[in-house]
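Residue numbers start from 1 in every chain, and the chains themselves are labelled A, B, ... in the order their sequence lines are given, proteins ahead of strands.
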Protein chains: 2
Amino acid sequence: MKQNKSTPVTLLQVAKHAGVSRSTASYVLSGGPHVSDSTRKKVLESIRQLGYVYNRSAANLRSKSSSTVGLVFPDVNNPFYTALLAGINQELNKYNKTVILGTTFESLSAQDRLISTMLEYRVGGIILFAVPDTPEELISRIKHLGIPVVLINRNFTDLSYDYIGIDNVVAGTLATNHLIKKGHHRIAFIGGFNQLSSWQERKQGYKDAHHKAGLEIDSSLIVEGHATRESGYELMDQILNLPNPPSAAFCYNDIIAIGAMMKLKERGFTPGHDMAIVGVDDIPEASIFTPKLTTVSSFPQIRGARAAKLLNERMEGLTMNPQSIIVQPELIIRDSCSYKKEILPHSTK
Amino acid sequence: MKQNKSTPVTLLQVAKHAGVSRSTASYVLSGGPHVSDSTRKKVLESIRQLGYVYNRSAANLRSKSSSTVGLVFPDVNNPFYTALLAGINQELNKYNKTVILGTTFESLSAQDRLISTMLEYRVGGIILFAVPDTPEELISRIKHLGIPVVLINRNFTDLSYDYIGIDNVVAGTLATNHLIKKGHHRIAFIGGFNQLSSWQERKQGYKDAHHKAGLEIDSSLIVEGHATRESGYELMDQILNLPNPPSAAFCYNDIIAIGAMMKLKERGFTPGHDMAIVGVDDIPEASIFTPKLTTVSSFPQIRGARAAKLLNERMEGLTMNPQSIIVQPELIIRDSCSYKKEILPHSTK
DNA sequence: ATGAAAGCGCTAACAC
DNA sequence: GTGTTAGCGCTTTCAT
């Protein structure tokens, strides 16, 4: 296992040590069929003894192919992403693909840098959770390089790319309808940004539900913000300071909903009682928080797996025309929407 | 920008297009000094026109060096990790090093696979947040390959590696002393695992504080568990079901503390009043939760930056003998430890 | 079943 | 300041 730092062991040295040719050694590495059992054993033993480490870059260079896939996420500090990641990882392992993950922190320039690096390393495919305002040109450039891309969650108007998401309009409708059915007429929509396709779609569902019920929307009840706990916390404060606060809030996602509920408690209100809350995603924390969060499940883990599967097919050149996979969300009723008692009293603090 | 999928543009083609030799083109890429301004412009223009993408693998192969660093994290779904990551990224950007991140999900085999992949890609260095029970042999193997490694947070008994962490004993003492000063005699220590060096050290501080105050430790008050919100939630339940529950809890980290406080609320208790809570890390959420969490800051972002700086020095071959950098933690007093009122009433639920 | 040889895209002497 | 050339470690025909 020990060996000189300055000169890494090469396959050729392994081959010599095992008394075979380089190509034979290469065959045993790639699991090729034309190798006798005894040769394979010899080579494997030499590898072990010399502490040989496969040089994947060299292999990729020669074979002009790569089994590594690049993951580009906007952030990672949200159980939603972790679930997505888990689904992707799990599926990709099946195909013996390895993953490198990069975080853009919602910055377009960081995303550019990240993707450039991945391209320079010649990843075999990319799963992209795009930053808002990502130019479509970026994606077409990658595709022109012959590298398959699967888009997650954030879509482009031009649907000529592989995409996997949920039906966000339905998610918005499901959530808002539930709130309306509980007797709420003034419903806020908080968190997320207008640039996000998912935001626009959820808002569409929110609108649809209002229209269908013959309800007006007060546009001051729609407040945008980052998809973080902290932001949910701030946004709820804004909402509560409104001259005429709503009795319910549809939150862009669970993490915002939880931040919002924290603020409610801080200001002496009881979420679910003084204000009804519903989120989107169904992260693990949703069922743990007090009150347990009513939410619309977006099945992140399942979607991650589907995305990985789709990408793998592209990398293997299986299917050809772009696919949009849309998962149907599901309402999960818990405790954060008990029946509306009365109009929320004016802010106390 | 458009070009044929099947044949990526090479530097040679760029050179021809620009009417120079390959080496000249290479020099402009690496910012070498011996290139005239006009040639540089020509080459850059050809690169743009042909849509050339640098092949970093080929370059690394030839130059036997890599400016990519591999990050190995146990998990990523904790604001603590995000802060660490941010610190590392920020610092590494200064040195023009790029990062690939892998998650082990606390699994030894996943960690092995991940590190193998990174090694196969010939990363220039690794920052390792090791899974519990990681054999020291893994690290020495990497080092024998001539690849610098910086350990974060989880230490090995043999201190011959570069390491950056906090003084966990002090963290434990700080937290426990504060609780004792507030009048608590029965203090739980919840979350984390015995295999973690940081756990052992924090427990040591917890013990030290008790001894110094002449207090006994009830070992049934020490309960282990994962470092997640969910786990904190479960653990607190266990604690509350004890025949004689404690009046305070020192939590292995903030995320556990928050989970624990959620359970307290669920069972009708007021954290900070019915039970005092202190955490470790000072994640952003700590100051947002109700009550605001008293905690021991571990300065994750600063530590990340220091780790990155140290690794960079190793990669550039600057310093030689292994360094242990120990950051001193700091007590941050907020609202989760108001004065002890009375012994916690017996569990109600 | 195994070996010889060519070459993937790039860098780094060295020559001019 | 720019060109020539010899590999880096591997895969992959093509022989044998």
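In this structure, A:F73 and A:Y81 have tilted ring planes: the angle between them lies in the 30° to 60° band.
Counting heavy atoms from C-beta outward, A:L310 and A:E313 have side chains that approach closer than 4.5 Å.
Taking atom CD on B:Q13 and atom P on C:dC10, their separation rounds to 9 Å, with Å as the unit. Counting to the nearest Å, the P atom of D:dG1 and the NZ atom of B:K41 are 15 Å from each other. Straight-line distance from the CZ atom of A:R40 to the C1' atom of C:dT2: 14 Å, rounded to whole Å.
Using five terminal pairs a side, the axes of the helix from C:dA1-D:dT16 to C:dC16-D:dG1 at its two ends make an angle of 30°, given in steps of 10 degrees.
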**Item:** Contact pattern, 5' to 3', of nucleotides 7-16 of chain D - B, S or - by protein heavy atom under 4.0 Å
**Value:** BBBBBBB---

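When only modelled atom types and interatomic distance are considered, B:Y121 and A:T68 share a side-chain donor-acceptor pair under 3.5 Å. Looking at A:Q301 and A:Q90, their side chains do bring a donor and an acceptor atom within 3.5 Å of each other. Side chains of B:S23 and B:S26: no donor on one and acceptor on the other come within 3.5 Å.
A:S116 places a side-chain N or O within 3.5 Å of a backbone atom of A:D112 that can act as its donor or acceptor partner.
A salt bridge between A:K97 and A:E316 is present, with a side-chain N of the basic residue lying under 4.0 Å from a carboxylate O of the acidic one.
A search for side-chain hydrogen bond (donor to acceptor under 3.5 Å, both in side chains) contacts involving B:Q13 returns nothing, not counting sequence neighbours.
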